[in-house]
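Written out below as structure tokens is the structure these notes cover.
Numbering of ligands and ligand atoms starts at 1, following listing order. Worth saying up front: this structure is predicted, and the values here are computed from it rather than measured.
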Amino acid sequence: MRRFLLLIPVIFLSLTSGNSQSIKSPDEFLGYVLGTRFTYHYRAVEYFRYIAENSPLAMFREYGSSYEGRVLGVCIISSQDNLAKLEEYRKNNLIKTGLLEGEFTGKQLPVIWLSYNVHGNESAGMETAMKTLYTLVTGSYPGVSDWLRTCIIIIDPCQNPDGRDLYANRFRNSQNLKPNPDGNTWEHNQGWPSARTNHYLFDLNRDWTWQTQAETSQRIELYNQFMPHVHADFHEMGAESTFFFPPGANPWHEVITTWQHEFHNLMGTGNAALFDEKSKLYFTRENYDLFCPSFGDTWPLFNGSVGFTYEQGGSGYSGLAYRQESGDTLTLKKRIDGHFIASMATLKVSYENREKLIAEFNKFFSENNNNPSFQYKSIIIKGSNEKSDLDDLLQLLRKNQIKYSYAGNTGRKFKGFDYSANTEGETTIEKGDILVSAYQPQSRFVQVLFEPDSKASDSLSYDLTAWALPYVFNLKAFAIAEKIKPNDERIESQKLTNELPGKKPYGYIAENKGFNTLKLITALYLKNIKTRYALKSFTINGTSFNRGSFIVTRGDNIEAEKTIDQTVTELANKFQVKLTPAASGFVEKGKDFGSGYSPLTKKKNVALLCGEGTSAGIVGELWYFFERELDYPVSLLNTANAENVDLNDYDVLLLASGSYTRLKDTIVDFARKGGRVVALENAISVFATEKSTSLFKAIETRTSELKAAEKKEKSDDLSLLKKFGDERRHLLSERSAGSIYRVMVDTTNPFGFGLGNEWFMMKRSQAYPFLTSGSNIGYILDNKPVAGFAGYKFQKLIKNTMVIGSERVGNGEVIYITDDPYYRAFWKSGRALLWNVVFR
Ligand SMILES: [Zn+2]
């Protein structure tokens with residue numbers, strides 16, 4: 001929708017010279033003492049605007065709006081002189097990185113960026129942001145005037161306004177007259193979904209690299225205009241925990257520089273001094289590691305800044321007051337205190353190290369540009385990859401300011417790492433191949449995103465352990481040790497135009513190629529146009545078309561006779577899909593258009609179960625997929641009243657992972673009566689526990705085999721001698737920490753169309769046996785992942801298991817997908833699978 005497009009940043013710069021005595025504190029402005037209520041987001045925005053209008057030391061910059069229409073904005077705070085020259089400082093900084101061309105005028109100031117409340121229910125953040133802002137513009141903390149004279153400070157009070165307001169509204173809704181510290185009460189337990197996430201239930205602190213969500217992409221667009229030297233992200237953790245500040249925990253990603261490491265230590269010492277003064281408890285170097293690039297600390301680190309995470313004990317559960325196990329009461333006021341001290345420490349330590357910060361920032365980019373550390377100096381992404389999929393990758397690179405060009409050295413053969421083969425290979429540079437060179441400002445980030453297997457200093461990671469982009473997009477690509485010349489030719493996307501045929505054809509063919517074709521077919525369904533797809537490849541008029549290709553015939557759409565040519569042509573042009581008109585339905589090779597091998601498909605009514613028991617994250621991804629990627633309606637049915645819904649109104653029922661015990665009979669009955677159910681991850685258990693299914697039998701057999709094998713092994717299983725101190729490490733042996741597995745695909749099965757013979761999947765959950773009847777469409781034949789960490793016990797279990805399967809249940813059909821194929825909406829190669837299982 002239009003309103004979500006980027007807004008032109010509006011700058012409000014105060015012309016009146018404010019005086020600190022007349023500036024209202026948050027308490028005065030809000031009409032209550034900070035920490036005694038949860039402030040609504042719009043009030044914080046008003047306060048930020050008020051400060052900018054009344055103090056010459058702050059300006060407000062609106063940078064966009066959330067999905068639900070709330071304002072996203074920051075205050076930029078510095079001395080009047082600095083603010084007057086902000087553009088010069090900003091540009092100088094970018095010139096030093098090499099991301100902006102221009103003349104460096106010699107002036108560079110450290111930019112320190114404080115981000116609060118990325119998780120909506122970690123709500124001490126936004127309250128603290130108001131206090132921090134007030135403190136800075138009134139100079140009411142030792143040293144502030146020096147900080148403002150020598151630094152530019154940017155405060156984002158709330159990165160996730162929709163989650164934040166959901167939390168605040170619900171809390172006010174459920175709170176007792178006096179805050180009740182009893183953790184069992186309604187005010188401490190808000191229910192589904194957690195207000196941690198945004199409108200589409202995405203965790204915005206897992207979205208920095210991927211920028212799938214409007215809040216993230218708009219924020220990073222502003223971030224990239226400054227490229228700050230320090231970025232601090234303020235979170236909250238469990239209500240029994242104390243406070244976490246840097247240094248971060250192991251593993252640290254290997255591209256993190258010695259200085260970034262050292263500055264983490266300095267920041268730790270600086271925080272400790274202020275926390276010690278107030279006798280506050282804290283911990284460092286635990287839990288919050290610096291490895292995966294999705295976060296508000298790692299992403300800035302890979303972008304030349306020093307990124308930090310802070311975690312105050314508290315979070316949504318703790319409300320305004322919470323009685324801890326120790327008997328102490330944790331109040332919102334105390335939580336604000338914790339974040340406030342950390343905010344002051346961040347500014348103080350950054351100020352004290354301001355010269356070194358700038359020197360090291362410049363060195364970071366100079367090394368990136370001239371002397372990259374990445375063992376591979378060139379990444380070649382084959383131009384022969386499907387264009388719309390390649391375009392998605394290039395868009396991600398642009399969002400992360402990673403430069404690319406066409407590759408020179410055409411015709412030369414290079415040895416290198418072949419991602420899809422996951423081993424050494426070779427490629428000949430062809431015209432149209434894309435080059436991502438390591439010699440560029442974002443070199444270290446290129447390394448992070450293209451390293452075939454990311455190296456961690458320790459396998460105990462907080463999140464994913466693999467994300468190499470060629471796997472994410474399933475693109476043919478090579479990493480090459482040599483520096484390859486770029487080709488100077490500019491990359492401009494050529495516009496494809498299908499002309500309206502002079503003579504009305506019998507039908508149109510669109511080859512099954514890339515996600516844009518699927519978007520076209522979806523748009524046709526919405527116009528009530530039926531399509532067919534070919535179960536076998538075919539040749540017509542000397543041109544061959546692949547399996548899965550779409551056919552739109554006049555004969556199937558008699559009621560749209562007058563408009564069909566125009567509709568199909570216009571939509572194909574919109575989605576940039578090549579159409580081939582066919583004068584006849586008679587093919588030279590393969591099956592004719594009217595054959596049973598060319599099944600007819602049309603619009604489907606799609607329902608998605610949400611609510612208590614379902615995994616909000618996966619529900620959100622599917623919701624986002626239909627609305628924001630496909631522009632197709634999906635009905636979210638809440639599990640609380642799903643029993644009262646007539647499911648016969650729907651063709652497809654989607655089950656995100658979750659527990660559906662109460663609805664099991666309803667769901668199985670829907671399938672028996674002819675419906676199609678798609679079960680993701682552990683939602684599969686609905687059918688795994690249904691005795692009549694092939695899955696049930698397969699699991700039964702597999703379990704007894706495993707038990708027998710285990711018995712044999714038990715006597716000498718030394719892993720049983722695990723030490724108490726190794727508890728976490730031992731647990732890891734049984735899981736895959738977001739590693740990437742190769743999935744073999746049955747390319748003759750319509751559900752596998754578009755995935756290729758081999759597809760790569762983010763593997764996180766358990767192993768399922770092959771189905772004995774039904775279809776095994778995608779399966780894993782290896783123990784080891786192609787990238788990332790999988791524990792040794794997990795590896796034993798994963799070989800020869802099903803990941804995509806289907807079987808008939810009564811008159812209907814059930815499709816099992818054991819893991820999330822469209823992980824956090826960045827695993828773009830999984831979209832074809834989701835589309836197939838709904839529409840084919
Ligand atoms: Zn958080």
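Rounded to 10°, the angle that OE2 of Glu122 and ND1 of His235 form at the Zn ion (ligand 1) is 160°.
A 4.5 Å side-chain heavy-atom check between Tyr134 and Tyr47 finds at least one atom pair inside the cut-off.
Counting backbone and side-chain atoms alike, Glu311 contributes no N/O/S atom closer than 2.8 Å to the Zn ion (ligand 1).
Classification of the Phe263-Phe308 ring pair by plane angle, with boundaries at 30° and 60°, yields tilted.
Ring pair Tyr288/Phe295: centre-to-centre distance not below 6.0 Å.
Distances from the Zn ion (ligand 1) to the N/O/S atoms of His119 are shortest for ND1.
Screening Trp299, Phe202, Phe826 for a ring-ring contact (aromatic ring centres under 6.0 Å, His included) involving Trp208 leaves a single residue, Trp299.
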